[in-house]
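Only one structure is covered here, and it is reproduced in the block below.
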Amino acid sequence: MSLDFSLFSSLGLIPLIVLGWLSFYFIIVIWIFIYRYVSLTSHLGYERECLESLLMGKMTLSSKSLLANNLKNIDKKITETMLQYSLDKAIKEVTIGLTFLGIVASTAPFIGLFGTVVEILDAFSKLGVNSKATLDVIAPVISKALIATAAGILTAIPAYSFNLVLKRKIFELNTYLRLQIDLLISSNENHKSSE
């Protein structure tokens, strides 16, 4: 299968802008996914280790833990409220970029469709001048116009899929962090009751 670049040179200005916009979206989507996936995978490893450490009886957070990083500048005794604050801050930090993936997943097909509609309108206006509007004339125009819709769908599918994959990783991370908080609170309560 060869790609005919002459097809792109015959597109109108609006479809070319739409294709450029969707290309930009696609590059940003790939970058966000790779960056967040690698980051979340490493955080998950650290939080799993920290949870295992807490389960083994060591009742302090590892310095690699997101909870510990968010609480490191607090001089007071760590309370349940502070742990919840740390959890909320950690989740806020790791979810950066997910909104953009959701926006791209929902808007990219419409952006592509806009480019297609504009190109078809332009083509039909030119065909209206020429009275010989046969299928041989219309089919190539419509197929050329559909490039923008295909690009929109091609951009939306990875954005949606990546969004779901990252949401799942964030759910796992949230679970590890909540389990750590529960263990710390229960050990704190057990320590108070034994005094």
Side-chain angles (χ1 to χ4, degrees), residues 1-47 66 87-178:
M1 181 178 152
S2 66
L3 191 58
D4 185 12
F5 288 104
S6 65
L7 192 66
F8 292 106
S9 65
S10 64
L11 285 175
L13 179 63
I14 298 294
L16 284 175
I17 290 171
V18 164
L19 289 174
W21 187 353
L22 292 171
S23 299
F24 175 73
Y25 265 7
F26 189 78
I27 291 166
I28 298 298
V29 162
I30 298 295
W31 183 83
I32 287 173
F33 176 71
I34 291 170
Y35 177 75
R36 282 288 154 207
Y37 188 84
V38 169
S39 172
L40 284 168
T41 301
S42 71
H43 284 308
L44 277 169
Y46 295 147
E47 298 308 331
L66 288 171
L87 171 68
D88 293 343
K89 187 175 176 188
I91 296 301
K92 181 182 175 222
E93 290 168 3
V94 298
T95 56
I96 293 172
L98 258 61
T99 302
F100 184 78
L101 292 179
I103 289 169
V104 170
S106 61
T107 61
F110 295 112
I111 294 168
L113 188 59
F114 172 73
T116 296
V117 168
V118 168
E119 186 69 13
I120 288 176
L121 287 173
D122 184 47
F124 282 161
S125 70
K126 290 176 184 170
L127 289 174
V129 174
N130 185 358
S131 62
K132 296 180 183 180
T134 64
L135 187 58
D136 292 342
V137 174
I138 294 173
V141 171
I142 291 176
S143 68
K144 179 179 71 168
L146 289 173
I147 291 171
T149 299
I153 293 168
L154 184 66
T155 303
I157 291 170
Y160 182 74
S161 302
F162 295 163
N163 192 3
L164 292 178
V165 168
L166 293 176
K167 278 185 178 179
R168 177 61 192 176
K169 290 233 173 247
I170 290 167
F171 172 78
E172 291 174 32
L173 182 68
N174 187 30
T175 302
Y176 282 129
L177 293 173
R178 287 197 179 279

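By convention here, the first residue in the shown sequence is residue 1. FYI, side chains are in, hydrogens and waters are out, and symmetry mates aren't considered; it's all heavy atoms of this structure.
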ask   = Are Ile14 and Glu119 close enough, and set up right, to give a side-chain contact (heavy atoms from CB on, under 4.5 Å), and what steps lead you there?
value = CA-CA 8 Å; Ile14 298 294; Glu119 186 69 13; over 6 Å; no

query = Going through the checks in order, is the side-chain contact (heavy atoms from CB on, under 4.5 Å) test met by Phe162 and Ile32?
reply = CA-CA 9 Å; Phe162 295 163; Ile32 287 173; over 6 Å; no

key: Side chain to side chain, Ile96 and Arg36, heavy atoms closer than 4.5 Å   = yes

ask   = Does some side-chain heavy atom of Ile170 sit less than 4.5 Å from a side-chain heavy atom of Leu98?
value = yes

task = Describe, in one word, how the ring planes of Trp21 and Tyr25 are oriented to each other, choosing from parallel (under 30°), tilted (30 to 60°) and perpendicular (over 60°).
result = perpendicular

request  = Please tell me if the side chains of Leu87 and Asn174 come closer than 4.5 Å, counting only heavy atoms from C-beta onward.
outcome  = yes

request  = Could you pull out the closest heavy-atom pair between Ala159 and Leu101, with the gap in Å?
outcome  = CB-O, 3.7 Å

query = Who are the side-chain hydrogen bond (donor to acceptor under 3.5 Å, both in side chains) partners of Thr155, not counting sequence neighbours?
reply = none

request  = For the pair Leu173 and Leu177, evaluate side-chain contact (heavy atoms from CB on, under 4.5 Å) and give the outcome as yes or no after the intermediate values.
outcome  = CA-CA 6 Å; Leu173 182 68; Leu177 293 173; 4.1 Å; yes

message = In the structure I gave you, are the side-chain heavy atoms of Leu22 and Phe26 within less than 4.5 Å of one another anywhere?
response = no

request  = Evaluate whether atom OH of Tyr160 has more than 12 neighbouring non-hydrogen atoms of other residues, nucleotides or ligands under 6.0 angstrom away.
outcome  = no

ask   = Can you name the side-chain hydrogen bond (donor to acceptor under 3.5 Å, both in side chains) partners of Thr107, sequence neighbours left out?
value = none

